[in-house]
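Here the structure comes first, spelled out in structure tokens, and everything after it is commentary.
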Amino acid sequence: MKLMFCILFSTVFFWSSPVEAQIFRISNIKISCGNEKCLSVTEKVQALLGTQTTLKSLKDKLRLFTLDSSIGRLSYRVFRVQTGIEIEIDYLQRQIISDVKFESNQKIDFEGIRKFLPFKDGQYYNRHDKGKVTELINKFLLDRGLGRNKISIFEYPEDKNISLKIVVNVGKVVKVTKIQIYSSNSSLTNTELRGISKFKNKAWQSLQFKVFVDQLAKNLFNQGYFFSKVNFSTEVANLETGDLELIVNVVFGEKFHFYFRGLKRFDRQELLEIVHQKYKNNLGTVSNDDIAKGINDAYEELGMYGSKVSIEARVGKNKREVTYKNYFVNIEEGQKIPLNEIPYSGNIFFNLQQLEELYYEKASTLAARSYLDKKYLAEFSKILKQEYLKRGFVFSKVPQPQVIIAPDFKSAKAVFLIKERQQTILKSINFQNISSELVEKIKPQLINKIGKPLNVVKIQDDLNKVLRLVREEGFYFARITNLSDKNIIQYSSNYNSADINLVFKPGKKALFDNLYVLGNAKTKGFVVEREVRIKKRGTITPKKLEDSRDRLSELGLFSRIKIIPKIKSETADNYLIDIFVRVKEKRFGLLELAPGY
């Protein structure tokens, strides 16, 4: 009887479920590759020899090898023999790019495009990327006014490696022969947009024109067109020459003029930005009061209170039919106000001296100099609330203070009305589904202690630590199942005490089986493998994986490292884990050396 199973690219032939579920012994493996570099993959495939498997499980195991970026194609057949099953594997190893050269009929610096191409020295070559490379280079040239280009990519195989030569036959210079401007107000086109005409009958430089458009948008804003929009596109104007028509769309919108008087701490441009932001936030509808408040808020950010802002608005149309709004803004700048008093009421746990120390510990520059700073006062109410929470006052309230400013703006005070309420003591921490020995290891390392005030601020830190400690015992996939349960913290009827209840799903211990290295082109596989110092059937823990990652990083070979453990199979007590190490290699210069090459 002969069975056959084959994967070739994305073509898969599946067997009926009874055959797929039947258990076979792998008695022989034949591998065809035709490349010395295939040795590392061959060794991993041969590790399957003598193992028991189903066809479905075998398919899943062999599919893992297709994740290796060095493999261009993989197919296999499975035959039933007297001693079990025999596997014939045929796969194609991709070649490593040793060099990428550009050749052109014109003097062009291609270094600007090289880093964006999928063809890079030291990486595996995929000829399916040729189309993308051609497209990127064409766009690069067209952005510089060069069109009708012919791009050819030549391959030069060198045993395990391949060098590439990209020949670029640059066509003629593409010019902008026609400019079409669509404007919301044609009477403004000749003056506000006159700079566009300089691009006509010139080589098309898209990057240069983008810079021009950005500057044009800024100029229109500074002229008072706060909501102007500028965008552009190109179309082929002449099929024979490839020359372009530049199409520019401009929406001016209303024109705003602001005349400021009394400015000292701000310049005109800073206040214009504040006003413009107000308009954006309110979708273009802003009252004089909104503008005045925005300016006042800006002064208060500097600690200057009592500023007076008066605004007179005039609306109309000018001779060019542009709707304008003129705002005459008169400002009497306020002053810094000494904060002479910070009275507290309702505080029992913290005395006045402790509150003052807390206030000045993280005070802003203004607050530290005893000036009124409303922003810091609001922040301090949050800081004080956190301090109460840390000490078990779970239901305490610290609202923002009432700020009282003297009529002459010479002094101020901030009144804090605190409601401490009762303090909650931690009565117990209950662990479900983990051993008492492990519980005794965990408890001393937590911030929250039995018999001490409940620190809800650090609950999340404790949960993270508990989970970490359980996983360090080898239960890598352990989790706490009741994190979203409201009763994870259970309070007594009078809220004087609380219990923390943790329900675990520890899973099984994670034991290391196989290592797969992905993304390495120049670096030998054993270089990565030797840094993952986990013994076969040894437990996998977060620290072991982190240490492995650190050692790989210290090699200096990789710009990115990702370590992913995946459950391969399981027994009654354990998970068997395959570790996938995905790396991205750094690009080294000719004089740079690194270990493992």
Side-chain angles (χ1 to χ4, degrees), residues 265 293-294 296-308 333-427 446-462 489-500:
R265 295 301 302 271
K293 186 179 184 307
N296 256 316
D297 290 344
Y299 276 103
E300 289 193 1
E301 286 279 332
L302 298 178
M304 299 182 70
Y305 296 88
S307 300
K308 295 179 181 179
E333 294 185 340
Q335 59 189 6
K336 293 179 182 178
I337 302 175
L339 186 61
N340 295 338
E341 290 184 78
I342 309 179
Y344 300 88
S345 68
N347 56 302
I348 299 171
F349 185 83
F350 290 113
N351 60 38
L352 182 59
Q353 182 180 346
Q354 290 172 317
L355 291 171
E356 286 180 352
E357 288 173 358
L358 281 172
Y359 180 83
Y360 286 106
E361 184 179 343
K362 296 182 180 179
S364 65
T365 302
L366 282 169
R369 295 175 180 175
S370 297
Y371 283 109
L372 175 61
D373 185 344
K374 288 183 178 179
K375 186 177 179 181
Y376 177 68
L377 287 171
E379 182 65 27
F380 180 63
S381 68
K382 296 176 184 177
I383 292 171
L384 190 50
K385 170 73 173 179
Q386 288 286 97
E387 294 299 322
Y388 273 111
L389 292 176
K390 288 177 185 178
R391 290 159 177 81
F393 294 94
V394 179
F395 302 99
S396 61
K397 287 190 176 181
V398 184
Q400 291 189 21
Q402 180 184 1
V403 177
I404 303 170
I405 300 174
D408 59 1
F409 290 94
K410 299 293 185 183
S411 65
K413 70 177 179 179
V415 181
F416 282 90
L417 304 175
I418 300 168
K419 293 181 180 179
E420 288 186 349
R421 297 179 175 169
Q422 67 274 16
Q423 189 179 40
T424 303
I425 304 299
L426 182 58
K427 183 182 174 183
L446 302 181
I447 297 168
N448 277 285
K449 309 287 185 186
I450 295 173
K452 300 292 183 182
L454 175 66
N455 185 345
V456 293
V457 174
K458 295 295 182 181
I459 286 288
Q460 189 59 54
D461 290 347
D462 277 343
I489 301 177
Q490 198 163 14
Y491 295 96
S492 62
S493 57
N494 59 4
Y495 296 100
N496 286 335
S497 65
D499 303 294
I500 297 176

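The shown structure was predicted, so the numbers you read here are calculated from the model rather than taken from an experiment. Count residues from 1 along the sequence.
Two residues are said to be in side-chain contact when any heavy atoms from C-beta on lie closer than 4.5 Å; R421 and K397 meet this criterion. Using a 4.5 Å cut-off on side-chain heavy atoms (C-beta onward), I418 and L384 make contact. With contacts defined as side-chain heavy-atom distances shorter than 4.5 Å, the pair S396/K385 qualifies. Counting heavy atoms from C-beta on, the side chains of S370 and L339 never come closer than 4.5 Å. Between K362 and I383, the closest side-chain pair of non-hydrogen atoms falls below 4.5 Å. Between L377 and L372 the shortest side-chain heavy-atom distance falls below 4.5 Å.
For NZ of K419, the number of neighbouring non-hydrogen atoms (other residues, nucleotides, ligands) closer than 6.0 Å is 12 at most. Within a 6.0 Å sphere centred on OH of Y495, heavy atoms belonging to other residues, nucleotides or ligands number 12 at most. The neighbour count for Q402 CD, taken as heavy atoms of other residues, nucleotides or ligands under 6.0 Å away, does not exceed 12.
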Using distance only, find each side-chain donor-acceptor pair of residues 452-460 under 3.5 Å and give its atom names and separation, not counting sequence neighbours.
{"residue": "N455", "atom": "OD1", "partner": "V457", "partner atom": "N", "Å": "3.1"}
{"residue": "N455", "atom": "OD1", "partner": "K458", "partner atom": "N", "Å": "3.3"}
{"residue": "Q460", "atom": "NE2", "partner": "N464", "partner atom": "OD1", "Å": "3.1"}

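E387 pairs by the salt bridge (charged side-chain N to carboxylate O under 4.0 Å, His left out) definition with K390, R391, not counting sequence neighbours. Checked against ring-ring contact (aromatic ring centres under 6.0 Å, His included), Y344 has the following partners two or more places apart in sequence or in another chain: F416. For the ring-ring contact (aromatic ring centres under 6.0 Å, His included) test, residues two or more places apart in sequence or in another chain that qualify with Y376 are Y359. Residues passing the ring-ring contact (aromatic ring centres under 6.0 Å, His included) test with F409: none are found, sequence neighbours excluded. With sequence neighbours left out, Y360 forms a ring-ring contact (aromatic ring centres under 6.0 Å, His included) with no residue at all.
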